[in-house]
There are 2 protein chains.
Amino acid sequence: MTWGTPQPERADAARNRQVLLAAARELLAEAGPDCLTMDLLAERSGLGKGTVFRRFGSRAGIFQALLDDSERELQERVLSGPPPLGPGAPAIDRLIAYGTARVRFLADHHAVARATIDGRHAAGRRRPLSEIHLRVLLREVHLPGADIEVLAGQLAYALDGPLLLQLFAGPELEGPEPTARFEAGWRDLVERVCGVSGA
Amino acid sequence: MTWGTPQPERADAARNRQVLLAAARELLAEAGPDCLTMDLLAERSGLGKGTVFRRFGSRAGIFQALLDDSERELQERVLSGPPPLGPGAPAIDRLIAYGTARVRFLADHHAVARATIDGRHAAGRRRPLSEIHLRVLLREVHLPGADIEVLAGQLAYALDGPLLLQLFAGPELEGPEPTARFEAGWRDLVERVCGVSGA
DNA sequence: GGCATAAGCGGGGTAAAGTCCGGTTAGGTC
DNA sequence: GACCTAACCGGACTTTACCCCGCTTATGCC
């Protein structure tokens, strides 16, 4: 009995989770997020509706799981990829690089990110992973008198919020042009907050 | 025919809007946001369900209208109230004062604010009013090389995001203690962004 | 004041989210 | 290998957001 993780999930449950995620991605790719219904997902995956809800709790939960899965790849690059995104560069450079990577990530996954939010269920909203990364990096920069916890939260939303609003509103702002402005804005914000005197 | 405003709304329609908003507030007060259903609202207001949807577009739209209504009062104080929230104080002081007022506002209305968000419909998400105010004030502060539009969006979300997350997650964080931390965090952020050298 | 027209209105209908509970099965124990 | 328990599974059921289309009524013109 090797409990490297306490495995709170039974083998069949884990298998079904994978089946469901795969079916969800499939439906997502062929018909878009709006057409992904719980009934359809259950039917397509060959499982019952009760199972779908047991696994993900709600419709938003499915998208959250999908997004988490995609985010893990970004997390890997932050934790052990090449600098400046990964370890080895000065903290400020890593902060800026993270912003750029995050903007790209959100631009790529905005349809899923949108389906994540749900005003009815509290479960949907979680502390974004960004906040953890930002907190660690901000601690490396020495900022006397700053409340790092709060500051990390503020920056996490400063990064995600405006871009998501833009992506939700506009029809399809593809291409590098609009995201470039957000990336530049993020760099500027980070430098201001960290007291880099550009003047 | 005095069209001071182009009056896109018929007289009876305007009256019904008021009836519906009043009924919504009533239901909200006595049973909470989760119990406010469209059918119940229609029944209580003595109008048809179709009318409710015609007026507000969706469930989230009702809460948005409610929130807009409440926000108007804050807006008044910003535009023509006493300083430092209203005109007459230095821009930085006004920025800080606005943050404090906004934190209080969100803390008071978080239940309604939460019901506003809806991942299904694009109509729900709008540019927050904060962003307009922040843009004006930031322009007064002379920030060379800053993209004011983007910066205003970033700060608007830095202000709302973390607090809303906190309010959504916790059961009921009433009292002045937790909001005080956000208010202090906002002051610090504004001073950093505007280059006030506190050190 | 009657009329044309366009907007407002109503409530029944549909589809999809989320719940429930009886039957089933995995996984550990003796 | 048999048994026990707890977790899992399925699909019928309920609730509710949202749509639709024929009826009603406000408003401007003759």
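Residue numbers begin at 1 in each chain, while the letters A, B, ... track the order of the sequences.
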Discussion item. Between Arg135(A) and Glu131(A), does any side-chain N to carboxylate O distance fall below 4.0 Å?
Written reply: yes

Item to complete: Examine dA16(C): is either OP1 or OP2 under 4.0 Å from a nitrogen or oxygen in the side chain of Thr37(A)? Give yes or no.
Response: no

Practice prompt. Mind calculating the distance between CZ (Arg15(B)) and P (dC9(C)) to the nearest angstrom?
Written response: 8 Å

Worksheet item: CE of Met38(B) versus C1' of dC18(D): gap in Å, rounded?
Response: 8 Å

Worksheet item: Are the side chain of Arg59(A) and the backbone of Ala115(A) linked by a donor-acceptor contact shorter than 3.5 Å?
Response: no

Discussion item. Under 4.0 Å from OP1 or OP2 of dG10(D): is there any side-chain N or O of Arg54(A) that close?
Written reply: no

Item to complete: For Gly57(A) and for Asp12(A), locate the closest nucleotide of DNA chain C by heavy-atom distance; then report the residue assigned to the nucleotide nearer the 5' terminus.
Response: Gly57(A)

Item to complete: Write down the distance between CD (Glu43(A)) and C1' (dA15(C)), rounded to a whole number of angstrom.
Response: 14 Å

Practice prompt. Tell me which nucleotide among dC9(D), dC18(D), dA17(C) gets nearest to the side chain of Ala13(A).
Written response: dC9(D)

Item to complete: Specify the separation, in whole Å, of atom CG of Asp39(B) and atom C1' of dC19(D).
Response: 13 Å

Practice prompt. Report yes if a side-chain nitrogen or oxygen of Arg120(A) is closer than 4.0 Å to either non-bridging phosphate oxygen (OP1 or OP2) of dA17(D); otherwise report no.
Written response: yes

Worksheet item: Is Arg55(B) touching bases, backbone alone, or none of the nucleic acid, heavy atoms closer than 4.0 Å?
Response: sugar-phosphate

Response to the item:
Only one of Glu183(A), Glu71(A), His133(A) passes side-chain hydrogen bond (donor to acceptor under 3.5 Å, both in side chains) with Arg102(A), and that residue is Glu71(A)

Item to complete: Could you tell me whether the side chain of Trp186(A) and the main chain of Tyr98(A) form a donor-acceptor pair under 3.5 Å?
Response: no

Fill in: Closest-nucleotide ordering on DNA chain D, the 5'-leading residue of Lys49(A) and Asp34(B)
Lys49(A)

Worksheet item: Is it true that Asp188(B) and Arg192(B) make a salt bridge, defined as a side-chain N closer than 4.0 Å to a carboxylate O?
Response: yes

Practice prompt. Return the value, rounded to whole Å, for the distance between atom CZ of Phe53(A) and atom P of dA17(C).
Written response: 6 Å

Worksheet item: For Leu47(A) and dT24(C), what is the distance between atoms CG and C1' respectively, to the nearest whole Å?
Response: 14 Å

Worksheet item: Does Asn16(B) make a side-chain N or O approach to OP1 or OP2 of dG8(C) shorter than 4.0 Å?
Response: no

Worksheet item: Between Thr51(A) and dG10(D), is there a side-chain N or O to OP1/OP2 distance below 4.0 Å?
Response: yes

Worksheet entry | Nearest-angstrom distance from the residue atom CZ of Phe56(A) to P of dC9(D) | 11 Å

Worksheet entry | Gap between atoms CD1 and C1', on Ile117(A) and dA17(C) respectively (whole Å) | 17 Å

